[in-house]
Amino acid sequence: MTDQNKTPATAQPDWARFLARESFIELDAMGRARAVLDPGTFRMLLGPFDRLKSPWLPLQNIVTQADDGVVLARGTIDGQPAVVAAIESAFQGGSMGEVSGAKIAASLELALADNEKGIPTRAVILFETGGVRLQEANLGLAVIAEIHAGIVALRRHVPVVGVIAGMVGCFGGMSLAASLCSSLIATRQGRLGMNGPEVIEQEAGIEELDSSNKRLIWQLIGGEQRQAIGLVDTLVDDDAAAIASAIRAAFARGVPARHRSAQVEDYLAKLAAIDPASPLEPNALRTLWGKGDHE
Amino acid sequence: MEILKYDYPAATKAFSHRAHVGVVGSGDLEVLIEPSPDQGAHVVITTSVNGFGPIWKNVIDRFFTRFDQAAAIEINDFGATPGMVALRLEQAVERSRS
């Protein structure tokens with residue numbers, strides 16, 4: 001490229017910005033954790049050489065990963081102490097086993113202990129998970145419950161910020177964890193749902209949901225739709241810098257007056273407004289629900 | 001799943017760093033390289049695919065024709081091709097030097 005081809009940053013067309021950005025989705029868990037912390041502050045906790053791995057997978061002839069698929073990092077965000085838990089989607093679909101889940105729960109508990117001592121350690125969870133690791137069954141479910149409890153306890157002190165970047169999305173018990181966060185950030189590629197489309201198709205039949213219909217799936221549970229109906233706070237592009245600044249903006253807003261998960265009556269009223277007998281279109285739900293009053 | 005172990009007692013040059021690369025994802029592997037507890041090099045491979053011992057031996061043998069340090073190497077493999085394995089090993093060594 002010659003100098004003549006360069007355009008000033010302010011006048012960059014969309015495609016040039018798109019090419020210049022650093023994709024967040026393409027980063028592995030460690031790269032993602034590094035990208036959201038202040039530059040140069042990343043310090044890994046319980047890394048691969050600590051070999052805290054699943055004791056259950058080898059019993060089922062499944063190869064383990066040395067960090068059980070979760071990267072924990074300490075550092076700062078906007079100069080404030082922070083802990084980041086990043087889930088590695090490539091290992092077992094980002095599933096939560098006893099060890100990987102316990103790592104996230106413990107990081108939240110340590111952040112809580114910091115806050116009770118007056119150190120305002122903030123927490124970010126980078127979700128990329130199909131939910132519980134089925135091979136670890138109840139032990140996985142138990143640690144997911146611990147993660148839920150950890151988020152609820154910590155969010156009274158500091159915001160707990162969740163990010164769903166894609167391409168796995170965030171499902172099962174971990175979708176509940178995401179929904180408990182003080183603030184949730186998603187890309188258009190990200191998806192948030194209790195049951196994944198394949199599970200719904202398998203359990204309820206292809207008449208209920210065709211999981212190969214990508215357009216329909218993203219219209220239902222994609223980041224854009226989830227933001228439009230108020231289940232996600234911030235919609236961002238797949239851009240590491242944009243996600244890092246969305247996280248900082250979420251912390252700057254502080255602890256919300258009412259967490260989404262505390263708005264039980266409001267959501268019951270919203271559910272009551274839906275007639276299960278008549279099929280609901282994604283756009284109709286946007287009109288019906290709006291963005292809510294979370295912000 | 002299969003566990004393979006290879007020793008290279010001739011690789012005795014001091015190795016003092018450690019590095020981790022890769023992920024145990026489909027078609028990929030993770031490599032952990034660190035100083036050996038004794039005078040030689042040791043490789044422990046856990047692979048999801050059974051019956052490829054001779055191919056693993058070839059790939060690791062070839063790596064040790066150029067690498068002569070007393071390192072302990074742990075490989076957790078999820079169906080990587082031999083080319084992928086060779087690249088990850090090179091990457092681990094490169095990262096251990098940086």
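More than 12 heavy atoms of other residues, nucleotides or ligands lie within 6.0 Å of CD in A:E198, so this atom counts as buried by the packing criterion. Within a 6.0 Å radius of CG in B:N50, more than 12 heavy atoms belonging to other residues, nucleotides or ligands are found. Counting non-hydrogen atoms of other residues, nucleotides and ligands closer than 6.0 Å to CZ of B:F52 gives a total of 12 or fewer.
Of all non-hydrogen atoms in A:V63 and B:N76, the two that sit nearest each other are CG1-CB, 3.8 Å. The two residues A:A90 and B:V23 have their closest heavy-atom pair at CB-CG2, 3.8 Å.
The main-chain N or O of A:A66 is found under 3.5 Å from a side-chain atom of B:E30 such that the two form a donor-acceptor pair.
For A:E88, the part lying under 4.5 angstrom from a heavy atom of chain B is the side chain only. For B:D28, no part sits under 4.5 Å from any heavy atom of chain A, backbone or side chain. For B:I45, no part lies near chain A; criterion is any non-hydrogen pair under 4.5 Å.
By the 4.5 Å heavy-atom criterion applied to side chains, B:E74 and A:F49 are not counted as neighbours.
Each of A:L57, A:N61, A:I62 was checked for a side chain to side chain contact (heavy atoms under 4.5 Å, CB included) with B:M1, and the lone residue meeting it is A:N61.
Note on B:E34 versus A:R51: salt bridge recorded, some NZ/NE/NH1/NH2 to OD/OE distance being below 4.0 Å.
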